[in-house]
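Here the structure is laid out as structure tokens; the discussion comes afterwards.
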Amino acid sequence: MDTASLLQYLVSGLTVGSTYGLTALGFTIIFNTTGIINFAQGEFVMLGGMLAVILGQALGLPLVPAVLGAVALTTLAGGLVERLAIRPARGASPIQLVIVTIGVSILIRGLVMLLWGKDTFALPHFSGMRPILFAGAAMLPQSLWVLAVTLTLLAALRAFFTATIHGKAMLACSHDPGAAALVGVNVRRMVLASFMLSALVGAVGGVILAPLTMTAYDVGILLGLKGFAACILGGLGNPFGAAAGGLILGVLEAFGAGLVSSAYKDAITFIILLALLFARPTGLFGARSADRV
Amino acid sequence: MKTVRLFAVLAAVCLMTLSLAPARAAEPVKIGAVLSVTGPASFLGEPEKNTLLLLQDRINAAGGILGRPLELVIYDDETDVNKCVLAVDKLLKKDRVVAVIGPTVSGNTLAVMNKFPAAKVPMISCAAAEKITRPVNPWVFKTPQSDRQAVARILDHLRQAGLSRVAILTVSDGFGQAGRAVLAEMLPAGGFTLVADEIYGPKDTDMTPQLTKIKGLAPDAIVCWGTNPGPAVIARNRVQLGIRTPLYMSHGVASNKFIELAGEAAEGLLLPAGRMVAVEQIEDGNPQKDVLAAYVADYAARFGAPPSTFGGYAHDALALVRAAIETSGSAEPRAIRDALEATTGFVGATGVFNFSPEDHNGLDPSSFVMVGIENGAWKVLR
Amino acid sequence: MTAGRGAGNLAALAGFAALVAAAPWLLPNDYYLSTLILAFLNAMIVIGLNLLLGYAGQISLGHGAFYGLAAYTTAVLTAAHGWPVGAGCAAGVALTAAVAYLISIPTLKLAGNSLAMATLGFGLIVHIVFNEAIAITGGPSGFVGIPRLALFGRVFESDLEYYFLVGGVLVLLAWAALNLIDSRVGRAMRAIHTSERAAEAVGIDITGAKRFIFVLSAAYAGLAGVLYAHYLCFVAPSSFGFHFSVTLIVMVVLGGMASVWGAVAGAVFLTVLPEFLRAFEDVETLLYGAILVLCVVFVPQGIAGGASRLGRALLARLGAARRPHAP
Amino acid sequence: MRPEPLLRCREITVRFGGVTALADVALDVRPGSITSIIGPNGAGKTTLLGAITGMVRTASGSVALAGRDISARPAHARARAGIVRTFQNLEVFTNMTVVENVMTGCHRHVRYPALAALLRTPRYRREERRCLDHALDRLAFVGLGELADTPAAELAFGQQRALELARAVAANPSLLLLDEPAAGLNMAETRALGALIRRIRDDLGVTVVLVEHDMDLVMTISDEIMVLNHGCNLALGTPRQIQKNPEVVRAYLGDDDL
């Protein structure tokens with residue numbers, strides 16, 4: 001096994017892993033504020049990508065406004081989800097809220113399918129498709145975009161949750177909504193903000209990934225699944241853990257496919273993930289107990 | 001008292017209508033269809049459904065079948081085997097159709113096939129698997145070519161180009177699995193060396209690990225068996241990794257969507273495809289030319305885009321049933337089946353069908369041509 | 001009183017059995033029988049899953065895999081190895097229970113989201129094996145040639161016969177679940193749901209009780225799985241994936257947590273609903289999602305909880321005497 | 001000559017991370033006695049109950065019940081051996097009725113295989129009948145007989161306390177550990193509780209260990225009192241002896257305002 005191949009596996013793994021990590025970040029935001037696992041998170045990623053394509057193709061917008069528009073619209077959609085589905089179900093148990101998010105994800109998928117059909121679309125690469133070569137491995141400029149955006153978002157979220165009053169208020173809502181309300185935090189507004197913020201993060205992920213992975217109405221399912229796995233692996237509630245968990249998953253898959261068996265690459269990944277989970281039930285970087293359903 | 005009388009009158013009216021119904025002159029010919037209009041195989045099922053709707057209007061505008069209007073009952077199985085079974089039951093037991101078109105995918109077809117001999121209704125599947133018509137089930141037919149015929153075309157081309165060490169990269173769904181089995185059988189039998197047998201998932205978005213591994217084995221050619229969007233990703237990854245080995249695709253990507261998705265990375269790729277991908281390039285005198293030209297033009301006029309070759313499977317299925325009803329002069333299921341089995345020289349969108357009691361597919365490799373992609377367009381290779 | 005509730009259970013069970021028996025004569029045509037057969041099979045799994053999730057409070061996103069494991073086991077044994085159907089079915093359920101037992105050892109140490117992830121991972125791994133072990137399972141395009149169910153020399157050929165068989169098994173499984181809930185084991189699992197400490201304090205072996213209920217619930221899924229395999233005579237991996245496991249959870253919650261009849265209602269509702277929505281074609285998916293959301297928002301206690309609340313409200317309206325109790 | 005103790009704890013040490021919660025604590029409980037454990041907040045009283053019942057991992061030490069060492073047994077096995085406890089925060093099973101709560105308490109002495117329950121065998125019905133009668137009897141004992149079919153979640157706070165007691169005594173324990181049973185009760189309720197605890201000992205023959213802050217209750221009903229301070233044994237004696245013990249007085253005044 002030559003080093004160039006190994007390096008290529010690593011590069012591929014990190015690229016795919018960023019897609020999982022980006023989705024996982026969105027899970028973290030909503031979980032940290034509400035304790036809900038948002039099954040519609042993958043749908044936010046899909047919406048970002050699809051809306052960018054639609055704005056670009058149907059309305060003929062150039063790439064940058066199309067991307068910004070897609071992110072803005074998806075953020076709005078996140079707010080709508082909270083107002084129309086989550087807020088009316090107030091008082092429901094966590095598992096019922098999970099069912100609500102499952103319903104929402106199916107609804108969003110159905111709506112996108114109805115409006116724009118079942119085809120797959122590709123978004124143009126941001127900085128062209130000429131691969132960057134180093135040490136025998138090839139990487140697309142878009143992969144650098146993805147990695148850079150993942151890291152930037154991660155740093156921004158860390159800063160937001162630890163350094164700003166809003167971020168701290170959102171965390172407080174998850175720990176004890178009653179107490180948070182007592183000290184003057186508007187819990188409802190925080191929940192709304194968390195949905196919009198995570199939709200925004202999801203949409204940014206969606207538009208940045210769409211050139212590489214292409215997009216269609218149903219890409220959110222798999223991303224949501226892998227994003228959830230990344231979250232649990234990294235430790236639920238920890239943005240750093242979520243991103244790291246995503247990267248680890250991606251790298252495991254790439255090496256599994258390249259070195260062991262491409263047919264069983266997902267099985268290999270999940271076996272390792274389960275082994276890690278049994279060893280550390282709260283995830284690799286998780287401190288808080290994660291015993292919510 | 002009044003209400004009772006009212007009910008009595010209503011009941012009498014209902015009874016009369018019921019008893020009169022069968023006596024109406026032009027009772028429609030009911031043909032059912034189960035297609036994967038949504039779900040993973042919607043890229044097949046949707047054009048199939050559109051095609052059926054198009055043909056229904058065309059047939060009814062021309063006076064129907066045997067002077068009776070054609071009524072299609074189309075159900076979507078969502079590419080789900082349970083829903084497919086339910087839909088077939090509904091067609092056979094509730095709607096009482098005289099023939100069934102579909103299902104779209106092989107797995108669903110295999111799941112429902114055994115219901116048809118019991119119901120004594122013919123089925124014309126739009127799925128490709130060989131197991132559908134081999135061994136022959138008297139009540140089951142299919143319109144797509146078998147993978148074997150597509151692979152035969154690719155092997156001919158490989159042989160002419162003098163390529164012998166071949167790597168295959170197939171998708172882990174029913175389509176890829178069938179192609180992989182045929183490739184794994186026919187490549188060694190044809191004197192080729194199978195140097196790599198890699199798999200990717202239908203939803204995977206990056207195949208560079210598999211291609212890196214293949215690159216390291218330095219094959220003469222790569223054959224990829226899948227349907228959109230996977231092969232487009234593979235074409236792009238191939239360019240990204242700077243692989244110059246010729247890449248053959250399956251007929252599963254023979255639609256303009258593939259060229260759109262793969263973009264520049266599609267240049268120079270080769271694949272076997274039905275003649276429909278490039279109607280204007282069909283040689284004069286080929287009987288399919290007129291059939292395809294009319295179909296493509298009508299479809300584009302109604303749905304705003306040219307049909308994919310998959311729509312042709314449904315086109316031929318309905319056209320075959322219609323012809324069978326008209327030759328036998330009866331819309332009874334058994335008469336349709338007998339007439340279908342006796343059909344020869346029928347010119348369809350996919351090829352020329354010659355059914356017999358031993359062959360319920362009726363196509364040969366000549367229904368495929370090898371095409372290449374040049375400057376973002378299909379080019380038939382001769 | 002417990003004895004009183006036992007009688008209530010029996011009455012409900014008898015009513016349900018009568019409804020199941022009468023249904024074929026109430027339905028306009030045979031097609032609905034196949035829908036009901038699939039609905040009843042789902043109901044079996046959901047009763048089992050509700051024991052685990054609704055009563056014991058342990059989530060599983062791997063029940064689709066148990067369902068599939070049993071279906072594939074009997075499929076392979078009967079079709080490829082010539083086992084009698086009865087033996088294949090027994091082996092299918094037994095293997096599923098055995099696998100569930102092994103899985104439960106590491107898995108049930110986890111709780112909440114970690115447990116969800118672990119069972120989900122197990123389900124995905126099993127699904128990948130169904131897909132890739134082509135020599136045994138037939139791969140993604142499925143496994144054909146499974147014989148129809150034959151027990152004691154009798155082949156269940158028609159859908160009507162099969163319907164009565166599946167309906168009968170469902171009534172039995174519901175009866176057994178009701179019995180279990182009102183037993184030492186049933187109280188133990190409900191105790192674990194509210195407070196593991198308090199359960200331990202009265203001598204309940206938490207690990208043992210959780211493991212038992214996990215295995216039992218997998219066996220329910222397994223029984224449904226073998227009946228499914230010999231009904232369709234075809235199995236494919238896509239029927240047993242992540243999506244199906246999630247649907248099962250939705251059935252539990254929508255039907256009503258901790259309610260056997262809720263499980264049946266949830267399974268039948270969500271199996272039949274798409275058949276009704278089919279008329280809406282392209283809007284179907286959208287409507288399905290919207291209905292899920294609306295159900296949770298407006299009937300948070302599930303169909304069973306909603307129905308019993310409605311019933312109570314009606315009773316109160318009618319002035320029926322409710323036993324007063326001190327504050 | 002003292003009789004053989006029912007419960008005998010020796011050198012119990014418990015550490016949470018770097019903090020030593022209990023250090024070499026010893027405790028003997030005479031059969032048929034009411035023994036109280038008191039001490040300032042944070043003295044390790046509840047931790048000691050946890051160590052006895054096996055819910056808290058001990059670093060070292062031994063626990064013996066009726067002369068048999070049970071130190072290695074998990075919590076549920078110790079409960080089966082006869083040590084049953086209640087909790088400081090109410091731990092009523094809110095998803096059951098009142099009588100079902102108490103029937104759950106019968107877990108250790110109602111015996112039939114799960115298969116018997118699934119198939120509703122005669123043995124299952126016989127045992128369930130017995131269990132129900134026993135539970136109703138215990139409910140009546142604590143004065144909740146009228147509320148058997150009420151959902152447990154609908155009970156008032158004091159009633160939930162009584163229910164916990166009924167559930168605990170339904171297990172027919174040989175040793176009952178009560179963790180602050182008077183917390184949150186008013187004076188009248190506390191007096192009734194004291195009488196109930198006595199009846200549990202006198203009528204049901206259950207040995208009681210009581211962790212309690214309410215000194216009136218402790219002093220009235222205890223036969224023997226053990227004082228813990230900073231995780232160590234501080235004193236042991238009758239209520240009268242303890243009240244006069246200067247170290248105890250200092251521990252309370254110095255550490256806490258109780």
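Convention: sequence-line order gives letters A, B, ...; per-chain numbering from 1. Values reported hereafter were calculated over all heavy atoms of this structure, with side chains retained and with hydrogens, waters and symmetry mates removed.
- Heavy atoms of B:Val37 lying under 4.5 Å from chain A belong to its backbone as well as its side chain.
- Distance check: A:Asp2 CG to B:Thr212 OG1 gives 9.5 Å after rounding to the nearest 0.5 Å.
- Heavy-atom distances place the backbone of A:Leu212, and not its side chain, under 4.5 Å from chain B.
- Among residues 216-228 of chain B, no residue has any heavy atom closer than 4.5 Å to a heavy atom of chain A.
- Of all the heavy atoms in B:Arg236 and A:Pro211, the pair that sits closest is NH1-O, 2.8 Å.
- The contact between A:Met139 and chain B is made entirely by backbone atoms, counting heavy-atom distances below 4.5 Å.
- A:Trp116 CH2: more than 12 foreign heavy atoms inside a 6.0 Å radius.
- Here CG of B:Asp204 is found 6.5 Å from CG of A:Asp266. Values are rounded to the nearest 0.5 Å.
- Rounding to the nearest 0.5 Å gives a distance of 7.5 Å between CD of B:Glu46 and CG of A:Asp119.
- Contact tally against chain B (heavy-atom pairs below 4.5 Å) for A:Ala138, A:Ala254, A:Ser12: the top residue is A:Ser12.
- For chain B, no part of A:Phe255 is nearby; none of its heavy atoms comes within less than 4.5 Å.
- Listed options A:Ala257, A:Gly250, A:Ser262, A:Gly13 were ranked by heavy-atom pairs under 4.5 angstrom with chain B; first place goes to A:Ser262.
- Put simply, the side chain of A:Lys265 never gets that close to the backbone of B:Tyr200: no donor and acceptor are under 3.5 Å apart.
- Each of B:Val239, B:Leu211, B:Val233, B:Thr38 has some count of heavy-atom pairs under 4.5 Å with chain A, and the biggest count is that of B:Thr38.
- For A:Leu222, the part sitting under 4.5 Å from any heavy atom of chain B is the side chain, from C-beta outward, and nothing else.
- For chain A, no part of B:Ala265 is nearby; none of its heavy atoms comes within less than 4.5 Å.
- At a heavy-atom cut-off of under 4.5 Å, chain A is reached by B:Gln240, B:Leu241, B:Lys257, B:Glu260, B:Leu261 from residues 240-261 of chain B, listed in order of number.
- Both the backbone and the side chain of B:Glu198 come within contact range of chain A, with heavy atoms under 4.5 Å apart.
- Using a 4.5 Å heavy-atom threshold, the side chains of A:Asp218 and B:Lys203 count as touching.
- Among A:Thr120, A:Val16, A:Thr213, the residue with the largest count of heavy-atom pairs under 4.5 Å with chain B is A:Thr120.
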